[in-house]
Amino acid sequence: MDAFDPLTIGAIAAKFAWACAGLIAIGITLHALLGVTRVSAAFTRKTIAFAAAAMALCVFLRLAFSAVELAGGVDGAADLLPIAWSVQESAFVSAMIGAGALALGALTGSRLALATGVLAAATAYGLTGHARSATQPVLAGLVVALHVILAGFWAVAPLTLWPRKDLADEDVAARKWKVGAVAHTAVPGLFIAGATLALGFGEGPSGLT
């Protein structure tokens, strides 16, 4: 199969969209839980709900594209859906639980639901791909989840720190201070987690080259 055929591009796009939606959902929720923004703020709750819905949609698309890719086209994809499901079941369920909990948290303002959503959504990324086939899949999955959580916090910083008309200058300054305070730990942790994953998946420094 051509590496750049529409099916392959579609499958890659679905995975990329899942990653983006998940990082936004996880990151904006973390900013609310850690006090950078307010859980009760309309902008925060709407963003969490939208990102959670987008994440759920992307997970469905990823599963569908996997079946289509296995079949080499739409014809016969339904017959191969159980195979795609057997590979993605745990990640799919975890992602959907995360999306549901995040949506519930955004609707009710429940910090417990939001925290549950973050953990479940991040765990989903550790239940698929290289982490699942690693020598120690549980450890690799946990490190992936940690990496995603830290990356999500960092990725949405421009979104919450961007000046808006309804946001006073002192509020922006306070948010920057809070993000910076967390970043002192989050950024080193992000690099350590990423380096650990790279070395683990490469089976040592030589494998990276």
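The number of heavy atoms from other shown groups lying within 6.0 Å of CZ (Phe50) does not exceed 12.
Residues Thr37 and Phe43 have side chains not in contact (no heavy-atom distance under 4.5 Å, counting atoms from C-beta outward). Within the 4.5 Å cutoff, no side-chain heavy atoms of Phe92 are placed close to those of Arg62.
For Gly27 against Val156, the heavy-atom pair with the smallest separation is C-CG2, 3.3 Å. Across all their heavy atoms, Ala95 and Val59 have their closest contact at CB-CG2, 3.6 Å. For the pair Ala99 and Ala56, the tightest heavy-atom approach, listed with the atom from each and the gap, is CB-CB, 4.0 Å. When all heavy atoms are compared, the tightest approach of Ala155 to Pro158 is O-CD, 3.3 Å. Between Phe65 and Ala14 the shortest heavy-atom distance is CD1-CB, 4.0 Å. The minimum heavy-atom distance between Gly109 and Val39, with the atom names listed, is O-CG1, 3.8 Å.
A donor-acceptor contact shorter than 3.5 Å is absent between the side chain of Ser94 and the backbone of Ser90. In this structure, the side chain of Lys178 engages the main chain of Gly35 through a donor-acceptor pair within 3.5 Å. With Arg111 contributing its side chain and Leu33 its backbone, the two residues share a donor-acceptor pair below 3.5 Å. Within the 3.5 Å criterion, the main-chain N or O of Leu107 finds a donor-acceptor partner in the side chain of Arg45.
Note on Leu63: it does not cluster hydrophobically with Leu57, by side-chain heavy-atom contacts below 4.5 Å among ILVMFWY residues. The hydrophobic cluster containing Leu119 does not contain Leu112, counting ILVMFWY residues as joined when their side-chain heavy atoms lie under 4.5 angstrom apart, directly or transitively. No path of Ile, Leu, Val, Met, Phe, Trp and Tyr side chains, each step under 4.5 Å between heavy atoms, connects Val74 with Leu61, placing them in separate hydrophobic clusters. Using a 4.5 Å cut-off between side-chain heavy atoms of Ile, Leu, Val, Met, Phe, Trp and Tyr, with links allowed through other members, Leu34 and Val148 fall into the same hydrophobic cluster. Transitive grouping of hydrophobic side chains (ILVMFWY, heavy atoms separated by less than 4.5 Å) keeps Val87 and Leu80 in distinct clusters.
Side-chain atoms of Thr160 and His31 form a donor-acceptor pair, as typed in the model, at a separation below 3.5 Å.
Applying the side-chain contact (heavy atoms from CB on, under 4.5 Å) criterion to Ile48, with sequence neighbours excluded, gives Ile28, Thr29, Thr44, Leu102, Ala106, Leu114.
For the atom pair OG1 of Thr123 and CG of Leu142, the computed distance is 7.5 Å after rounding to the nearest 0.5 Å. Leu150 CG to Leu146 CG: the interatomic distance, rounded to the nearest 0.5 Å, is 4.5 Å. Rounding to the nearest 0.5 Å places CD1 of Ile26 at 6.5 Å from CE of Met55.
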Next on the checklist: side chain to side chain contact (heavy atoms under 4.5 Å, CB included), that's the test. Do Val179 and Phe153 meet it? Break it down for me.
Outcome noted: CA-CA 9 Å; Val179 170; Phe153 176 85; 4.2 Å; yes

Checklist entry - For Val36 and Val182, what are the C-alpha separation, side-chain angles and deciding distance, and is it a side chain to side chain contact (heavy atoms under 4.5 Å, CB included)? => result CA-CA 10 Å; Val36 178; Val182 176; 5.6 Å; no

Please report, to 0.1 Å, the donor-acceptor pairs under 3.5 Å made by any side chain of residues 15-23, with sequence neighbours excluded.
unit_1	atom_1	unit_2	atom_2	d
Trp18	NE1	Tyr125	OH	3.4

